[in-house]
Amino acid sequence: MKKLFFFTFLLTFLLLTSSFIDIVIAMPVFCGKKCKKRCSKAGVMDRCIKYCGICCGYCKCVPSGTYGNKHECPCYRDMRSSKGKPKCP
């Protein structure tokens, strides 16, 4: 009985984990392209891409253009740093 329960638990865990990994792997591709475009005119591009990627991963969207248009993605617009300043470029 314990072996059957363990096997069922393990199989369920592996199935859920594999579907989650597919989502995690797919998201950076979307975010990477959007953030490169968003940060193309940034003075410190590495930092811009880093924070844009964090915001995109959480919000699952990036505003169009290289500046502004944050109304297109309220989550992205409303994220704040620990100092209360906008976190997303």
*Asks:* Mind listing the closest non-hydrogen atom pair of Arg77 and His71 along with its distance?
*Replies:*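 Of all heavy-atom pairs spanning Arg77 and His71, the closest is NH1-CA, 4.0 Å.
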
*Asks:* Just verifying a value: how many Å separate Cys73 SG and Lys70 NZ, rounded to the nearest 0.5 Å?
*Replies:* 10.0 Å

*Asks:* Sulfur to sulfur, is the gap between Cys39 and Cys48 shorter than 2.5 Å?
*Replies:* yes

*Asks:* Please give me the minimum heavy-atom distance between Lys87 and Arg80, naming the atom from each residue.
*Replies:* CB-C, 3.9 Å

*Asks:* Is Cys59 close to Met79 at the side-chain level, that is, under 4.5 Å between some pair of heavy atoms?
*Replies:* yes

*Asks:* Output the distance between atom CD1 (Ile49) and atom CZ (Arg38), rounded to the nearest 0.5 Å.
*Replies:*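 The distance works out to 12.5 Å.
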
*Asks:* Could you report the tightest heavy-atom contact between Thr66 and Lys37, atom names first, then the distance?
*Replies:*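 That closest heavy-atom pairing would be CG2-O, 3.5 Å.
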
*Asks:* Between Tyr76 (side chain) and Pro89 (backbone), is there a donor-acceptor pair under 3.5 Å?
*Replies:* yes

*Asks:* With heavy-atom distances below 4.5 Å as the criterion, would you say the side chains of Cys35 and Phe30 are in contact?
*Replies:* no

*Asks:* Any side-chain to backbone donor/acceptor pair from Asn69 onto Ser64? Under 3.5 Å, distance only.
*Replies:* yes

*Asks:* About how many Å separate SG of Cys61 and CD of Glu72, when rounded to the nearest 0.5 Å?
*Replies:*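 Here the interatomic distance stands at 9.0 Å.
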
*Asks:* In a single word, yes or no, tell whether Cys31 and Cys56 have an SG-SG distance below 2.5 angstrom.
*Replies:* yes

*Asks:* Could you give the distance from OH (Tyr51) to CG (Asp46), rounded to the nearest 0.5 Å?
*Replies:* 12.0 Å

*Asks:* Quick one: pull up NZ in Lys34 and SG in Cys55 and give me the separation to the nearest 0.5 Å.
*Replies:*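 Here the rounded value is 15.0 Å.
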
